[in-house]
Amino acid sequence: MPAFENYSNEAANLETEIVRKAVILGIDWNDEAQVRKLARQALSCNSDQTIKLDCAPGSPEGMAKLELFALAQLMMKVMEEAAGEGIEVHGGPVWKLLARALWAARGEQGG
């Protein structure tokens, strides 16, 4: 992304889309077990393994999950690129919950 990119605005837009996908999926961000399960699915669906039924694009729920997982990857990319330019970018409360769950799930997988 070019140096004039508004990383904070991009992060806010991505979080808005994450929230929208979560509404479709009925995600309760206050339910830690549900958010952790979603994070484990995100890591599983993004691995080299065969796509699991619960994140297959053949259903509206599966498609929403895949889109949510892609948005999470984009959020990480925006933050990485901003950091590369010395710009600190923070996500909002939903992103922070998801990011913590992703980090914990990654630790569970030994990665």
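For the numbers below, each heavy atom of this structure counts, side chains included, while hydrogens, waters and symmetry mates do not.
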Tightest non-hydrogen contact, residues Leu98 and Ala72, listed as CD2-CB, 4.2 Å
Check: Any side-chain heavy atom of Glu15 within less than 4.5 Å of one from Pro93?
Finding: yes
Show me the donor-acceptor pairs within less than 3.5 Å that the side chains of residues 18-30 make with the rest of the protein, sequence neighbours left out.
{"residue": "Arg20", "atom": "NH1", "partner": "Glu17", "partner atom": "OE2", "Å": "2.4"}
{"residue": "Lys21", "atom": "NZ", "partner": "Glu67", "partner atom": "OE1", "Å": "2.5"}
{"residue": "Asp28", "atom": "OD1", "partner": "Asn30", "partner atom": "N", "Å": "2.9"}

CD (Glu10) and CD (Glu81) are apart, to the nearest 0.5 Å, by 10.0 Å
Here the gap from Trp95 atom CH2 to Thr16 atom OG1, rounded to the nearest 0.5 Å, amounts to 13.5 Å
One should read off an interatomic distance between Gln73 CD and Leu14 CG, to the nearest 0.5 angstrom, of 12.0 Å
For Arg40 and Ala105 the tightest heavy-atom approach is CG-CB, 3.8 Å
One should read off an interatomic distance between Gln41 CD and Phe69 CZ, to the nearest 0.5 angstrom, of 5.5 Å
| query | Would you say the side chain of Met79 lies within less than 4.5 Å of the side chain of Tyr7, judging by non-hydrogen atoms? | reply | no
Nearest heavy-atom contact between Val89 and Ala82 is CG2-CB, 3.4 Å
When you group the ILVMFWY residues by side-chain heavy-atom contacts below 4.5 Å and let the links chain together, are Ile87 and Leu74 in the same group?
yes
Rounding to 0.5 Å, atoms CE (Met63) and CG (Leu68) come to a distance of 12.5 Å
So CG of Leu97 and CZ of Arg36: to nearest 0.5 Å the spacing works out to 12.0 Å
